[in-house]
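Reminder, nothing fancy here: chain letters follow the sequence lines and each chain counts from 1.
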Amino acid sequence: MAIVFYNTLTRKKEKFKPITPGIVKMYTCGPTVYNYAHIGNFRAYTFEDLLRRYLKFKGFKVIQVMNLTDVDDKIIKASKEKGVPIEEFTTPYKKAFFEDIETLGIEKAEFYPEATKHINEMVDIIKKLLAKGHAYKAADGSIYFKVSSFEKYGQLANLNVKEMRVGERVASDEYEKEEIRDFALWKSWKPEDGNVYWNTELGKGRPGWHIECSAMSMKYLGNHFDIHTGGVDNIFPHHENEIAQSECATGEKFVNYWLHCEHLLVNDEKMSKSLGNVIYPRELIARGVDPVVIRYTLLSTHYRQKLNFTTEKLISSASSVERLLDFYNSLDFYEDSKQTEFKNLISDTEKAFEEALDDNLNISEAMAAIFELVKEVNKHKAKKQISKTDAKNIKATLDRFDTVLNIFKMGQVKLSEEIRQLIDRRAKARKEKNWKEADRIREYLLEKGIILEDTPQGTRCKKTLIKKDFSKV
RNA sequence: GGCGACGUACCCAAGUGGCUAAGGGAGCGGUCUGCAAAACCGCGAUUCGCCGGUUCGAAUCCGGCCGUCGCCUCCA
């Protein structure tokens with residue numbers, strides 16, 4: 001079965017066909033490391049994670065590049081305020097980004113190039129653009145892309161650029177562009193840039209924002225590659241400009257499939273500093289939300305759908321994850337008993353899961369397939385009609401799904417030696433019908449985020465997915 | 001002003017021309033159980049923002065209206 005993606009470029013769902021059979025080359029816009037990445041950023045990274053994991057599930061070899069923007073206006077301003085060089089300023093945020101990625105169960109990309117280490121590549125592209133007449137140098141030494149030189153400009157955003165409204169920011173722009181819609185490839189040094197500059201053939205200055213993605217994507221993936229992703233807010237101008245720069249420099253088509261992730265809202269509002277509603281994953285975790293709950297919340301809404309992030313949704317996600325994990329973990333507990341023919345159920349579920357994700361990563365349908373399996377198997381469980389082999393087969397299927405979802409694995413509890421001993425002590429107390437002691441230990445462990453459940457097959461152990469008193473987002 | 005997305009139960013959410021409108025959460029009643037939990041059984045949209053049209057047949061297609069949101073050179 002072929003995968004179908006909604007391509008922003010054509011505004012249609014299209015069958016996915018990689019340029020090189022069996023290999024997918026994708027570029028995913030990464031963080032600007034001037035702060036911690038917030039939950040909205042991670043929505044995009046989680047979507048990209050789903051995308052790469054599913055492509056791998058389908059048997060493709062994936063080469064993913066995610067850039068780190070470590071020089072831009074915000075970074076220059078913030079590092080200046082702090083009185084440290086930009087590298088010193090960005091390093092902790094780079095580190096934090098990788099920590100967060102790991103916490104949220106996001107698989108690592110093959111390359112994480114940094115803008116500041118690819119200035120030469122950017123300069124090369126700009127030189128080509130100058131030579132071909134697609135760029136020009138303004139009086140102050142800055143270099144601009146000449147939008148009028150690219151016939152197809154506006155194709156991605158579906159904007160008629162000639163009739164675009166001119167914003168105030170543009171009107172007050174001090175640079176000397178030929179046309180208002182032209183954008184900077186190279187920004188010549190200004191006193192407020194301090195010691196942030198590179199001496200290159202283009203003069204003393206620094207790169208514009210868009211050029212880094214063209215330079216780094218083409219360096220690692222070639223002039224023409226398969227997939228480029230980002231948030232919807234990147235469609236214009238960022239990705240539109242990338243196409244213009246790249247295609248004008250190489251004369252080749254840049255990207256075949258453009259996939260854009262919708263925004264995450266917080267209580268129906270856009271997340272922004274001014275509204276004071278920016279949420280960071282590490283903050284949620286500190287307040288008692290397990291990372292797997294955050295992951296599930298971000299993952300379980302289709303990427304082209306706005307995701308309204310609320311307390312209610314987190315709590316609801318925690319319950320869903322709990323149901324999935326309880327089911328998954330219960331599969332280890334079967335004694336051999338009557339066998340049920342689950343072959344059809346398993347193959348139906350696998351088929352439904354794959355067909356759903358084939359259809360532009362329809363995660364809702366994929367999850368529905370899993371929940372239906374859970375319900376069906378639980379019914380048999382209640383009637384004691386599951387053998388060890390059945391359970392093993394079902395678990396193998398879930399493990400296969402989990403290479404895409406990373407929920408089951410991430411949700412496992414890790415027990416320390418101390419906790420293990422307490423659990424043993426409680427088992428002993430229960431045997432002696434010392435309910436007081438048993439309940440005391442259970443209470444104690446609950447406070448430590450460990451939940452014990454007694455079943456006929458023994459006591460099971462799981463972690464608290466969300467703190468009881470967790471309330472406000 | 002231009003471009004675009006969306007409106008399905010208490011909440012989240014799939015379905016885009018045809019079986020009883022998926023699935024999850026929450027709720028209520030029951031079974032099970034040392035207690036707790038899990039799990040199971042049962043209950044829940046005659047209806048898909050509103051109005052009109054096309055069709056044998058519409059949540060799905062067309063037109064209009066209402067409402068929410070995003071982008072239009074900081075942004076995932």
Side-chain angles (χ1 to χ4, degrees), chain A residues 8 11 28-32 34 37-48 72-74 147 154 157-161 163-167 169-170 173 177 180-184 208-210 229-238 240-241 260-265 268-273 296-297 300-302 304-308 310 312-313 315-324 326-327 329-330 352 356 359 362-372 374-375 377-383 430 433-436 438-439 442-443 446 451-456 459-460 462:
Chain A
T8 307
R11 313 257 159 184
T28 50
C29 277
T32 300
Y34 74 109
H38 56 62
I39 195 82
N41 300 124
F42 280 106
R43 190 213 178 167
Y45 308 146
T46 305
F47 146 61
E48 286 147 5
D72 84 326
D73 291 356
K74 278 181 287 198
V147 168
N158 194 20
L159 285 178
N160 185 342
V161 191
E163 289 167 17
M164 254 167 49
R165 197 161 78 174
V166 176
R169 270 189 301 255
V170 178
D173 201 316
K177 303 183 198 177
I180 214 87
R181 57 190 176 142
D182 292 348
F183 58 90
W209 172 39
H210 315 295
T229 72
V232 283
D233 48 351
N234 278 153
I235 295 173
F236 194 86
H238 187 50
E240 190 69 59
N241 291 351
H260 291 97
C261 177
E262 252 300 345
H263 269 128
L264 175 146
L265 308 172
D268 284 311
E269 284 175 314
K270 190 178 167 173
M271 214 171 16
S272 72
K273 279 232 168 94
Y296 183 87
T297 305
S300 61
T301 296
H302 190 264
R304 298 231 315 132
Q305 173 94 19
K306 283 184 195 67
L307 193 165
N308 191 22
T310 60
E312 230 188 341
K313 189 166 243 163
I315 294 172
S316 159
S317 292
S319 298
S320 299
V321 172
E322 195 173 1
R323 178 165 164 84
L324 291 171
D326 283 349
F327 174 75
N329 292 327
S330 76
D359 182 13
N362 190 334
I363 192 73
S364 304
E365 285 209 338
M367 291 314 297
I370 295 178
F371 278 108
E372 272 172 64
V374 170
K375 189 184 241 166
V377 174
N378 271 339
K379 268 186 202 173
H380 289 277
K381 187 178 87 182
K383 291 188 233 158
R430 286 189 74 229
K433 297 210 192 291
N434 183 354
W435 307 126
K436 220 177 198 172
D439 290 351
R442 190 168 60 190
E443 276 304 306
L446 186 62
I451 300 168
L452 297 185
E453 289 180 358
D454 301 317
T455 75
T459 298
R460 274 180 230 167
K462 61 188 188 189

- Message: Regarding A/His302, tell me which of base, sugar-phosphate or nothing describes its non-hydrogen contacts under 4.0 Å with the strands shown.
- Response: sugar-phosphate
- Message: Contact between A/Cys29 and A/Asn234 at the side-chain level, heavy atoms closer than 4.5 Å - yes or no?
- Response: yes
- Query: Distance between the P atoms of B/rU16 and B/rC61, in whole angstroms?
  - Reply: 10 Å
- Looking for any heavy atom pair under 4.0 Å, which part of the strands does A/Ala157 touch: base, sugar-phosphate only, or nothing? sugar-phosphate
- Using a cut-off of strictly less than 4.0 Å, decide whether A/Asn234 has a side-chain nitrogen or oxygen near OP1 or OP2 of B/rA76. no
- Counting only N and O atoms by type, is there a donor-acceptor contact under 3.5 Å from the side chain of A/Glu240 to the main-chain atoms of A/Ala157? yes
- Query: For the pair made of CZ in A/Arg304 and P in B/rA13, what is the distance, rounded to whole Å?
  - Reply: 15 Å
- Query: Taking atom P of B/rC72 as reference, at what distance in whole Å does atom CZ of A/Phe183 sit?
  - Reply: 16 Å
- Task: Give me the ring orientation class for A/His210 and A/His238: parallel if the planes are under 30° apart, tilted from 30 to 60°, perpendicular past 60°.
- Result: tilted
- Message: Whether A/Asp326 and A/Arg323 form a salt bridge (side-chain N of Lys/Arg under 4.0 Å from carboxylate O of Asp/Glu) is what I want to check.
- Response: no
- Task: When you get a sec, tell me which of B/rG24, B/rU73, B/rC74 is the closest nucleotide to the side chain of A/Phe371?
- Result: B/rG24
- Does the A/His263 side chain pair with the main chain of A/Leu265, one donor and one acceptor, at a distance under 3.5 Å? no
- Message: Would you measure the distance from the P atom in B/rG53 across to the matching atom in B/rG57 and give it in whole Å?
- Response: 12 Å
- NZ (A/Lys306) and CG (A/Leu264) are apart, to the nearest 0.5 Å, by 12.0 Å
- Query: Rounded to the Å, how far apart are A/Asp72 CG and B/rA76 P?
  - Reply: 9 Å
- Item | Pairwise C1' distance for B/rA36 and B/rC48, with rounding to whole Å | 41 Å
- Minimum side-chain heavy-atom gap A/Phe183-A/Pro237 below 4.5 Å: no
- Distance col, row A/Thr8:OG1 vs A/Phe236:CZ, nearest 0.5 angstrom, shows 14.5 Å
- Which value, in whole Å, describes the distance between the C1' atoms of nucleotides B/rU60 and B/rG17? 6 Å
- Of the candidates B/rA13, B/rG24, B/rC71, the side chain of A/Phe236 sits closest to B/rC71
- Message: Donor-acceptor pair, distance only, cut-off 3.5 Å: does the side chain of A/Asp359 make one with the backbone of A/Asn362?
- Response: no
- Task: To the nearest Å, give me how far apart CG (A/Leu264) and P (B/rG70) are.
- Result: 13 Å
- Item | Interatomic distance, A/Asn241 CG vs B/rC71 C1' [rounded to whole Å] | 14 Å
- What base-paired stems does RNA chain B take part in, with at least 3 consecutive Watson-Crick or G-U wobble pairs and both distances under 3.5 Å? B:1-7 with B:66-72, B:10-12 with B:23-25, B:27-31 with B:39-43, B:49-53 with B:61-65
- Round to a whole Å and report the spacing from CD of A/Glu262 to P of B/rG70. 10 Å
- Task: Whole angstrom is fine here: how far is it from NZ in A/Lys306 over to C1' in B/rG7?
- Result: 11 Å
- Task: Assign A/Leu265 to base, sugar-phosphate, or nothing according to its heavy-atom contacts below 4.0 angstrom with the strands shown.
- Result: nothing
- Task: Please measure how far the P atom in B/rA59 lies from the corresponding atom in B/rG49, and state the result in whole Å.
- Result: 10 Å
- Query: Base, sugar-phosphate, or nothing: which does A/Gly40 touch, judged by heavy atoms less than 4.0 Å apart?
  - Reply: base
- Task: Look only at the side chain of A/Arg43 and the backbone of A/Glu262, and say whether a donor-acceptor pair between them is shorter than 3.5 Å.
- Result: yes
- Rounded distance in Å between the C1' positions of B/rA14 and B/rA21: 10 Å
- Contact class for A/Lys270 (heavy atom, under 4.0 Å): base, sugar-phosphate, or nothing? base
- Message: Just N and O in the side chain of A/Ser319: are any of them under 4.0 Å from OP1 or OP2 of B/rA26?
- Response: yes
- Task: Give a yes or no on whether the backbone of A/Phe42 and the side-chain of A/Thr46 come within a donor-acceptor separation of less than 3.5 Å.
- Result: yes
- Message: For nucleotides 32-40 of chain B, give me one character per nucleotide, 5' to 3': B if any protein heavy atom sits under 4.0 Å from the base, S if the only such contacts are to the sugar-phosphate, - if neither.
- Response: --BBBBSSS
- Message: Distance check needed: B/rG25 C1' versus A/Asn308 CG, whole Å only.
- Response: 15 Å
- Item | B/rG27 to B/rA45 separation - C1' atoms, rounded to the nearest Å | 16 Å
- With C1' as the reference atom in both, quote the distance from B/rA9 to B/rG15 in angstrom, rounded to an integer. 15 Å
- Query: Which of these nucleotides, B/rA22, B/rA76, B/rC11, is closest to any side-chain atom of A/Glu372?
  - Reply: B/rA22
- Query: Should A/Gln305 be listed as having a side-chain N or O under 4.0 Å from OP1 or OP2 of B/rC12?
  - Reply: no
- Item | Residue met sooner reading RNA chain B from 5', once A/Gly30 and A/Arg11 are mapped to nucleotides | A/Arg11
- Task: Report yes if some heavy atom in the side chain of A/Cys261 is under 4.5 Å from a heavy atom in the side chain of A/Glu48; otherwise report no.
- Result: no
